[in-house]
Visitor: 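Okay, handing you the structure first.
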Amino acid sequence: MEDNLIINDVIPKDHVFQISSEYYLEDILKKDGSIRDVLDLGCGDGNSLDIFRKIRPDIKWVGLDIEKSPESSSRSRTDGYFVTFDGVHIPFPDDYFDLIYCNQVLEHVRYPAELLKEVRRVLKPLRYFIGSTSHLEPYHSYSLWNYTPFGFCQLIEEANLHVDEIRPG
């Protein structure tokens, strides 16, 4: 029963109020001026760069994706710093990023538990991981998983990350 208390603590009482990951991103970027190094994990076409530049042009943005995803293969942007990886091992040193943004990506990841452990490794202590994932949507672009709030919280906590809030979006 203790697990149910954990999930109840992170689901807001207004649970029907949907919010996108961009809402959290904008909120945190405006509140915390110390954020400098940002990783967009699963950046695809790289369009989140525009969101970051609009809110905080001073941020050092890095886009990371697997080399042969349909989204990264069709990327035409050249105005950002893009890196590819094997889908698990993030090619940056420990405690490197202030914020990791992961929008609608984890349902495509072959080994999500391993990747989330890497997220924890490259994320500075007490910094931010903001993201979203699909739930029970039709297949698209190599999607593998559907997450329940409880299952997703378990994955996050097993990676030694902390969930502040989870809600539909």
Side-chain angles (χ1 to χ4, degrees), residues 19-26 28-29 35-149 151-163 166 169:
I19 292 179
S20 74
S21 59
E22 288 180 25
Y23 166 84
Y24 291 107
L25 183 61
E26 186 171 340
I28 286 175
L29 289 175
I35 295 171
R36 294 284 176 255
D37 295 299
V38 172
L39 178 68
D40 182 343
L41 176 60
C43 68
D45 58 16
N47 284 339
S48 82
L49 178 56
D50 296 329
I51 298 165
F52 282 93
R53 284 184 176 160
K54 180 181 173 188
I55 301 168
R56 291 268 307 280
D58 62 317
I59 284 190
K60 180 183 167 194
W61 181 94
V62 175
L64 180 68
D65 212 323
I66 57 174
E67 189 172 1
K68 298 190 188 228
S69 74
E71 294 77 14
S72 64
S73 296
S74 67
R75 182 185 317 122
S76 60
R77 293 189 82 133
T78 58
D79 61 337
Y81 180 57
F82 297 98
V83 178
T84 58
F85 79 130
D86 64 6
V88 174
H89 304 97
I90 300 175
F92 289 91
D94 295 358
D95 304 330
Y96 189 83
F97 292 101
D98 298 304
L99 185 147
I100 298 177
Y101 182 61
C102 186
N103 188 54
Q104 300 300 110
V105 172
L106 290 171
E107 67 271 18
H108 305 282
V109 173
R110 180 69 185 106
Y111 303 103
E114 290 83 353
L115 180 58
L116 287 167
K117 288 176 186 168
E118 277 288 283
V119 164
R120 177 62 200 100
R121 182 186 66 77
V122 300
L123 189 63
K124 291 177 184 174
L126 303 175
R127 301 312 276 168
Y128 309 100
F129 175 62
I130 298 172
S132 61
T133 187
S134 296
H135 177 71
L136 296 179
E137 75 174 353
Y139 170 83
H140 75 279
S141 188
Y142 306 132
S143 59
L144 295 165
W145 313 111
N146 287 296
Y147 296 100
T148 65
F152 189 73
C153 284
Q154 291 295 304
L155 274 174
I156 292 291
E157 295 205 353
E158 287 171 10
N160 203 24
L161 295 164
H162 172 76
V163 178
I166 190 167

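Model, not experiment: these values are computed from the prediction. Counting from 1, the numbers follow the sequence of the chain as shown.
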Visitor: Give a yes or no on whether the backbone of G151 and the side-chain of T148 come within a donor-acceptor separation of less than 3.5 Å.
Guide: yes

Visitor: Can you tell me how far the SG atom of C153 sits from the CD atom of E158, to the nearest 0.5 Å?
Guide: 11.0 Å

Visitor: Which pair of heavy atoms, one from L49 and one from G80, lies closest together, and at what distance?
Guide: CD2-CA, 3.7 Å

Visitor: Under the salt bridge (charged side-chain N to carboxylate O under 4.0 Å, His left out) rule, what pairs show up with a residue in residues 86-96, not counting sequence neighbours?
Guide: D94-R121

Visitor: Just how far is it from atom CG of L64 to atom CD1 of I100, taken to the nearest 0.5 Å?
Guide: 9.0 Å

Visitor: Who are the side-chain hydrogen bond (donor to acceptor under 3.5 Å, both in side chains) partners of S21, not counting sequence neighbours?
Guide: Y101, N103

Visitor: Starting at CG of L29, measure out to NZ of K54 and round the result to the nearest 0.5 Å.
Guide: 12.5 Å

Visitor: Output yes when a side-chain donor or acceptor of D98 lies under 3.5 Å from a complementary backbone atom of D37, and no otherwise.
Guide: yes

Visitor: Of all residues at least two apart in sequence or in a different chain, which pass the ring pair (Phe, Tyr, Trp, His ring centres under 6.0 Å) check with Y81?
Guide: none

Visitor: Has R56 got a side-chain atom pairing as donor or acceptor with I35's backbone, closer than 3.5 angstrom?
Guide: yes

Visitor: Of the non-hydrogen atoms in A113 and L155, which two are nearest, and what is the gap between them?
Guide: CB-CD2, 3.8 Å

Visitor: Would you say I156 and F129 make side-chain contact, with heavy atoms under 4.5 Å?
Guide: yes

Visitor: State the CD1-CD distance between I130 and E22, to the nearest 0.5 angstrom.
Guide: 11.0 Å

Visitor: Are the side chains of L99 and I59 in touch, meaning some heavy atoms are under 4.5 Å apart?
Guide: no

Visitor: Rounded to the nearest 0.5 Å, what separation is found between the CD atom of E157 and the CG atom of L116?
Guide: 12.0 Å

Visitor: With sequence neighbours excluded, tell me which residues meet ring pair (Phe, Tyr, Trp, His ring centres under 6.0 Å) with F152.
Guide: Y147

Visitor: Mark yes or no for whether E67, through its side chain, and T84, through its backbone, hold a donor-acceptor pair below 3.5 Å.
Guide: no

Visitor: So how far is it from R110 CZ to E114 CD, rounded to the nearest 0.5 Å?
Guide: 9.5 Å

Visitor: Would you confirm whether W145, through its side chain, and L106, through its main-chain N or O, come within 3.5 Å as a donor-acceptor pair?
Guide: no

Visitor: Please identify each residue that fulfils ring pair (Phe, Tyr, Trp, His ring centres under 6.0 Å) with F82, with sequence neighbours left out.
Guide: W61

Visitor: Once side-chain hydrogen bond (donor to acceptor under 3.5 Å, both in side chains) is applied, do any residues pair with R36, and if so which ones, sequence neighbours excluded?
Guide: D58

